[in-house]
Structures are given as C-alpha cells and as structure tokens.
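When reading the values below, keep in mind they use all heavy atoms of this one structure, side chains included, and skip hydrogens, waters and symmetry mates.
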Amino acid sequence: MKNIKKILENNNVILKGHFLLTSGLHSDIYFEKFRLLENPNLVKKLIKTKEKELQNLNVTLCIGPLTGGALVAFAVGDILNIRSIYMEKEENEFVLKRDFKIYKEDKILLCDDVLTTGSSFLKMRKSLAPYLNQIVGHFVLIDRSTEAIEEISPVISVYREPAVTYTAEECPLCKMGIPVEKRGGSKITP
C-alpha cells in the first residue's frame, strides 16, 4: 500500500487545527481514528502492511482497550487467525472482565489505535502484571509519539508521525487565542 499519509488524509483521519487530546495536552494535529475505524476494509488493508512483522512475533492473543484499541485487536486477530479480547476502563484503569482468559502459553500482542503518551499501553501492562513476560509486542495504527517509551518499546505502527504536544499553559495556539477543539465535543475557549 503506497503513501499511507495520503490515504489517511483522503479519509479525513489527519486533521490540522488546535486540539485538546485525551491526555489533556494540546496539539496542532489530530488523528480522527474513528474515520479510519468506521472503514473495516481499510483498517485490514493497513494492518496487512505490517502482517509479516506481526507474524514474526508468533502471537496467540491480541488485547486492546475499548473502544478503538479493541477494534484494532480484533482486526489484527482476524488477519493472524488468533484470539482477541478487550479490556474495559474501570476507575481510570483497564481491567479484563467477561471471563476472558489468558493462558500460560499465550504470547500477547497489546493493540491500540493511536499512540501519543503511551498511557493506555502502560495501564494495560499494569493490569496484566502477572502476564508481563508473555507480552511480546505492541501494535498501533498511528504512532504520534515524540519519544520512545522504554516499557513499550519497540512499537509496530502502520503510520508514524511524531506530533508536538503542549500543556495548556505553554501552548502557542492558546497564546494566539485560537479556540481549542475537543473532538466529539464542542469548542473550548482558552
């Protein structure tokens, strides 16, 4: 698949402006993952660009957080023909429910949609502490992180574009008076 950036732009995944991210940070670029996730065929085509790398991990189980990460985990599981389960948020942590099982022989791939600070992966790893030695990799559709996070390095990503983020206090877009947008919500003024 050629020019993934162009494909993401054509599908309104890459947006420019002033955005409030889930992490609480601000950025001038936003990846509207749901424009991607609403197109399962495109998601599968993108993941298949990394199929060999994923196969080399010999994973037997994909785990992702609800909502986007779970969809990615299920798409990867479908491509690799392996089990997929998901974690749910509970009091700012991710937990396994629904009687999902992890077996001692499982090799686990943690999946998510977009990586910025790594907090979702770190929360999943914390909850999966008894299985840390079984986690063999981390996979995301879009890696927007600006630096490697040791606990989750390396990360396999379909598309990587480091994006600068700012706290509200240091955000140059706020200082210019540009309204900040929280996707899925209404405009917030600085």
Side-chain angles (χ1 to χ4, degrees), residues 1 3-9 13-16 19-33 36-37 43 46-73 75-77 79-80 84 86-87 89 92-94 102 106-173 183:
M1 183 175 275
N3 202 343
I4 291 175
K5 181 175 185 172
K6 193 71 173 161
I7 291 167
L8 295 177
E9 289 172 341
V13 176
I14 299 175
L15 304 176
K16 300 288 186 178
F19 303 100
L20 175 62
L21 307 177
T22 305
S23 63
L25 298 173
H26 292 209
S27 182
D28 66 350
I29 187 169
Y30 186 83
F31 294 93
E32 184 53 82
K33 60 191 176 192
L36 184 56
L37 294 172
V43 170
L46 291 171
I47 292 169
K48 284 184 178 192
T49 66
K50 298 296 179 174
E51 188 172 5
K52 283 217 186 305
E53 284 179 70
L54 294 169
Q55 286 174 337
N56 289 339
L57 295 174
N58 296 311
V59 297
T60 61
L61 176 64
C62 293
I63 304 175
L66 279 179
T67 300
L71 296 173
V72 173
V76 172
I79 290 166
L80 298 179
S84 297
Y86 57 86
M87 299 182 85
K89 205 167 212 173
N92 206 31
E93 299 292 327
F94 286 120
I102 298 175
D106 277 325
K107 292 182 178 179
I108 302 167
L109 178 68
L110 297 183
C111 299
D112 208 358
D113 42 28
V114 178
L115 171 64
T116 301
T117 64
S119 66
S120 291
F121 279 137
L122 294 172
K123 287 177 186 177
M124 285 193 292
R125 290 176 64 86
K126 180 180 176 189
S127 293
L128 296 171
Y131 309 101
L132 283 181
N133 65 335
Q134 293 175 250
I135 297 172
V136 297
H138 301 80
F139 175 79
V140 293
L141 293 176
I142 298 168
D143 180 356
R144 61 171 286 138
S145 64
T146 55
E147 56 189 49
I149 302 149
E150 188 176 328
E151 296 92 339
I152 62 170
S153 189
V155 173
I156 297 172
S157 61
V158 171
Y159 179 74
R160 175 157 170 65
E161 183 173 340
V164 178
T165 56
Y166 309 95
T167 63
E169 298 77 34
E170 65 181 13
C171 179
L173 301 168
R183 297 298 298 174

Taken in chain and number order and not counting sequence neighbours, the residues that satisfy salt bridge (charged side-chain N to carboxylate O under 4.0 Å, His left out) with Asp106 are Arg83

Kindly say whether Ala73 contributes a backbone atom to a donor-acceptor pair with the side chain of Ser84 at under 3.5 angstrom? yes

If the condition is side-chain hydrogen bond (donor to acceptor under 3.5 Å, both in side chains), which residues does Asn133 pass it with, not counting sequence neighbours? none

Ala75 to Val43 - nearest heavy-atom pair and separation: CB-CG1, 4.0 Å

Closest non-hydrogen atoms of Leu21 and Ser27, given as atom of the first, atom of the second and distance, are CD1-CB, 4.0 Å

Rounded to the nearest 0.5 Å, what's the gap from CG on Leu25 to CZ on Phe19? Could you check? 14.5 Å

Ring pair (Phe, Tyr, Trp, His ring centres under 6.0 Å) partners for Tyr86, two or more places apart: Phe100

Mind checking the CG-CD1 spacing from Leu54 to Ile47? Nearest 0.5 Å is all I need. 8.0 Å

Taking only residues two or more places apart in sequence, or in another chain, which ones meet Thr116 in a side-chain hydrogen bond (donor to acceptor under 3.5 Å, both in side chains)? Arg144

By salt bridge (charged side-chain N to carboxylate O under 4.0 Å, His left out), Glu151 pairs with (sequence neighbours left out) none

Which heavy-atom pair separates Asp112 from Gly69 by the least distance, and what is that distance? OD1-CA, 3.5 Å

List in chain and number order the residues that pass ring pair (Phe, Tyr, Trp, His ring centres under 6.0 Å) with Tyr159, two or more places apart in sequence or in another chain; answer none if no residue qualifies. none

To the nearest 0.5 angstrom, please state how far the SG atom of Cys111 sits from the CG atom of Leu61. 9.0 Å

By side-chain contact (heavy atoms from CB on, under 4.5 Å), which residues pair with Leu110, not counting sequence neighbours? Ile63, Ile108, Phe121, Met124, Arg125, Leu128, Ile135, His138

Would you name the heavy atoms of Tyr166 and Cys171 that are closest together and state the gap between them? CB-CA, 3.7 Å

Closest approach of Asn92 and Lys89, non-hydrogen atoms and distance? OD1-CE, 3.8 Å

May I have the step-by-step check of side chain to side chain contact (heavy atoms under 4.5 Å, CB included) for Val72 and Val140, ending in yes or no? CA-CA 8 Å; Val72 173; Val140 293; over 6 Å; no

Checking Lys50 now: which residues fulfil side-chain hydrogen bond (donor to acceptor under 3.5 Å, both in side chains) with it, not counting sequence neighbours? Glu53

Could you list the residues that satisfy salt bridge (charged side-chain N to carboxylate O under 4.0 Å, His left out) with Lys33, not counting sequence neighbours? Asp113

Once you round to the nearest 0.5 Å, how far does OG1 of Thr60 lie from CG of Leu80? 10.5 Å

Measure the shortest side-chain to side-chain distance between Leu37 and Leu141 over non-hydrogen atoms and say whether it is less than 4.5 angstrom. yes

Any idea which heavy atoms bring Ile14 and Glu9 closest together, and the distance? CD1-CG, 4.0 Å

At what distance, to the nearest 0.5 angstrom, does CD1 of Ile156 lie from NZ of Lys52? 13.5 Å

Under the salt bridge (charged side-chain N to carboxylate O under 4.0 Å, His left out) test, which residues partner Lys48, sequence neighbours left out? none

Kindly determine whether Thr165 and Thr117 satisfy side chain to side chain contact (heavy atoms under 4.5 Å, CB included), including the steps that lead there. CA-CA 10 Å; Thr165 56; Thr117 64; over 6 Å; no

Less than 4.5 Å apart, any side-chain heavy atom of Asp28 and any of Val164? no

Using side chain to side chain contact (heavy atoms under 4.5 Å, CB included) as the criterion, point out the one residue from Asn56, Val76, Ile79 that pairs with Glu51. Ile79

Whether over 12 other heavy atoms sit under 6.0 Å from Lys16 NZ: yes

Rounded distance [0.5 Å steps], CE in Met87 versus CG in Leu66: 10.5 Å

Holding to side-chain hydrogen bond (donor to acceptor under 3.5 Å, both in side chains), I want the full list of residues that pass it with Glu170, two or more places apart in sequence or in another chain. none

Residues which pass side-chain contact (heavy atoms from CB on, under 4.5 Å) with Pro162, listed by chain and number, not counting sequence neighbours: Thr146, Arg160

